[in-house]
Amino acid sequence: PGNWTSSSAVPYTSPFNKINTFDICQKNDDYIYIQSNGDAFRSTDHGQSWTDISSGLDLDSSYLSEIIVSPHDSLHIWVSKSGINEYSKVYESFDGGDSWINITSSGLPNIPINSIEYQKGSQNRIYVSTMSGIYYKDDTQTNWEMFGTGLPNCAVREMTIDYQNGIIYAATYGRGIWHNNVLLDSIPPNAEARAFPQDKCGFGTGEVVYLDLSTGTPTSWEWTFSGGNPSTSSMPSPFVTYPSTGTYTAQLITTNSWG
């Protein structure tokens, strides 16, 4: 491993506003979002410069707890808040934080939101974790709903999704890790992918990471890599090695129960 390098002009507004969470858009990694206790910032040039996007988030009532960006749209972002304010818990933006929409609505208990997770490929489904379980909302819903039953009565601190197996994991405070099946949309998937290093081979060891960005929540992946090793894969985001610099083709077919 090499040496760590400072990511240039990351904003530092005061000793009390330390960076807590950040997210990078998978489709366009020039877009990076960071969140401190009292501020949110956006970079559109891979961290070289930053814009404060905190205006409109009602930060006088509570701190931010997490910021996330859609893997499909670099300007579609959400933030969650940790305070006790029943009218100010989750915000959504379609323009990278230039303006915000309060999507708290009904269905959420008046307790802090600890974390927020986006389900890639879904109809913009997001999950939020609290001290009393996990709640979710997507484009088809007006209000929030509790996601599943059976979690212990303790704080859920973090969530992550295993896309290959369709499972969401929840890390709790003092009660271990729990899991449940993610929700699936009743639509066939639309295959889309990105390669890192983007569209180039022969970088370093010649290894390329293919990232699934399909919509419609696929449950199976059929990759074909011309000239690559391996030549096929059923993983959502496989690693492929190429023997030399050149132009190669890759194909992705995604399916689920609806097509």
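Positions are given from 1 along the sequence.
Residues Phe225 and Ser233 form a side-chain contact, since some pair of their non-hydrogen atoms from C-beta on lies under 4.5 Å apart. In this structure the side chain of Gln35 never reaches within 4.5 angstrom of the side chain of Val79, judged on heavy atoms. Side-chain contact between Asn229 and Val240 is absent, with no heavy-atom pair separated by less than 4.5 Å. Phe41 is listed as a side-chain neighbour of Asp52, based on a closest heavy-atom distance under 4.5 Å. Between Asp30 and Thr44, every side-chain heavy-atom pair lies at or beyond the 4.5 Å cut-off. Counting heavy atoms from C-beta outward, Met235 and Gln164 have side chains that approach closer than 4.5 Å. The closest side-chain heavy-atom distance from Glu222 to Gln251 is not below 4.5 Å. Thr219 places a side-chain heavy atom less than 4.5 Å from the side chain of Leu184.
Distance check: Glu86 CD to Ile84 CD1 gives 10.5 Å after rounding to the nearest 0.5 Å. Residue Tyr210 holds its OH atom at 12.5 Å from CZ of Phe239, rounded to the nearest 0.5 Å. A distance of 10.5 Å separates OG1 of Thr140 from CG of Asn124, quoted to the nearest 0.5 Å. Between atom CG of residue Asp39 and atom CG of residue Leu57 there is a gap of 9.5 Å, rounded to the nearest 0.5 Å. Rounding to the nearest 0.5 angstrom, the gap separating the CG atom in Asn114 from the OG1 atom in Thr130 is 7.0 Å. Here Ile168 contributes atom CD1 and Ile161 contributes atom CD1; the two are 4.5 Å apart, rounded to the nearest 0.5 Å.
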Inset, instruction - Using the side chain to side chain contact (heavy atoms under 4.5 Å, CB included) rule, take His72 and Gln26 through it: C-alpha gap first, then chi angles, then the decisive distance, then the call. - result: CA-CA 7 Å; His72 312 289; Gln26 295 180 1; over 6 Å; no

Inset, instruction - Check the pair Thr255 / Ser220 against side-chain hydrogen bond (donor to acceptor under 3.5 Å, both in side chains), numbers first and verdict last. - result: CA-CA 5 Å; Thr255 58; Ser220 67; 2.2 Å; yes

Legend entry - Residues Ile77, Ile53; criterion side chain to side chain contact (heavy atoms under 4.5 Å, CB included); working and verdict: CA-CA 11 Å; Ile77 60 177; Ile53 56 172; 3.9 Å; yes

Legend entry - Asp58 vs Asn85, side chain to side chain contact (heavy atoms under 4.5 Å, CB included): CA-CA, chis, key distance, verdict: CA-CA 10 Å; Asp58 186 25; Asn85 184 335; 3.9 Å; yes

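Counting all heavy atoms, side chain and backbone alike, Ile67 lies closest to Ile34 at CG2-C, 3.9 Å. The shortest heavy-atom contact between Tyr127 and Gln119 is OH-OE1, 2.6 Å. Across all non-hydrogen atoms, the minimal contact from Trp223 to Pro236 is CZ2-O, 3.4 Å. When all heavy atoms of Ser74 and Cys25 are compared, the pair lying nearest together is CA-SG, 3.5 Å. A pairwise comparison of heavy atoms in Leu64 and Ala40 identifies CD1-CB, 3.9 Å as the closest pair. Closest of all the heavy-atom pairs between Pro71 and Leu213 is O-CD2, 3.7 Å.
Applying the under-4.5 Å side-chain rule to Ile, Leu, Val, Met, Phe, Trp and Tyr, the cluster around Ile113 extends to Ile68, Trp78, Val90, Phe94, Ile101, Ile103, Leu108, Ile116, Tyr118, Ile126, Val128, Tyr135, Trp144, Met146. The hydrophobic cluster around Ile111 extends to Met131, counting ILVMFWY residues whose side-chain heavy atoms fall within less than 4.5 Å of a member. Tyr169 shares a hydrophobic cluster with Ile167, Ile177; the chain of contacts runs through ILVMFWY side chains whose heavy atoms sit under 4.5 Å apart.
Side-chain N/O atoms of Ser43 and Asp45 include a donor and acceptor closer than 3.5 Å. Looking at Thr217 and Ser122, their side chains never bring a donor and an acceptor atom within 3.5 Å of each other. With 3.5 Å as the limit, one finds no donor-acceptor pair spanning the side chains of Glu66 and Ser80. Looking only at atom types and distance, the side chain of Lys81 has a donor-acceptor partner in the side chain of Ser88 under 3.5 Å away.
Side-chain atoms of Ser93 come within 3.5 Å of backbone N or O of Ser99 as a donor-acceptor pair. Counting only distance, with no hydrogens or angles, the side chain of Ser129 and the backbone of Ser115 share a donor-acceptor pair below 3.5 Å. No side-chain donor-acceptor contact under 3.5 Å links Ser82 to the backbone of Pro112. A donor-acceptor pair under 3.5 Å is absent between the side-chain atoms of Asp23 and the main chain of Tyr33, judged by distance alone.
Evaluation of the salt bridge (charged side-chain N to carboxylate O under 4.0 Å, His left out) test over residues 143-159, restricted to residues two or more places apart or in two chains, returns none. For residues 117-143, every residue pair satisfying the salt bridge (charged side-chain N to carboxylate O under 4.0 Å, His left out) rule, not counting sequence neighbours, is listed here: Arg125-Asp138, Arg125-Asp185. Applying the salt bridge (charged side-chain N to carboxylate O under 4.0 Å, His left out) test to residues at least two apart or on different chains, the pairs with a partner in residues 89-113 are Arg42-Asp98. Judged as a side-chain hydrogen bond (donor to acceptor under 3.5 Å, both in side chains), not a single pair has a partner in residues 172-184 (not counting sequence neighbours).
When the side chain to side chain donor-acceptor pair (under 3.5 Å) test is applied to Thr254, no partner is found at least two apart in sequence or on another chain. With sequence neighbours excluded, no residue forms a side chain to side chain donor-acceptor pair (under 3.5 Å) with Ser231. By the side-chain contact (heavy atoms from CB on, under 4.5 Å) test, Ser237 pairs with Leu211, Asp212, sequence neighbours left out. Considering only residues two or more places apart in sequence or on other chains, Tyr136 meets the ring-ring contact (aromatic ring centres under 6.0 Å, His included) condition with Phe147. Residues satisfying the side-chain contact (heavy atoms from CB on, under 4.5 Å) criterion with Ile24, sequence neighbours excluded, are Phe22, Asp29, Ile32.
In the hydrophobic cluster analysis, where Ile, Leu, Val, Met, Phe, Trp and Tyr join through side-chain heavy atoms closer than 4.5 angstrom, Tyr163 is grouped together with Trp258.
Using cut-offs of 30° and 60° for the angle between ring planes, the Trp100 and Tyr91 rings count as perpendicular.
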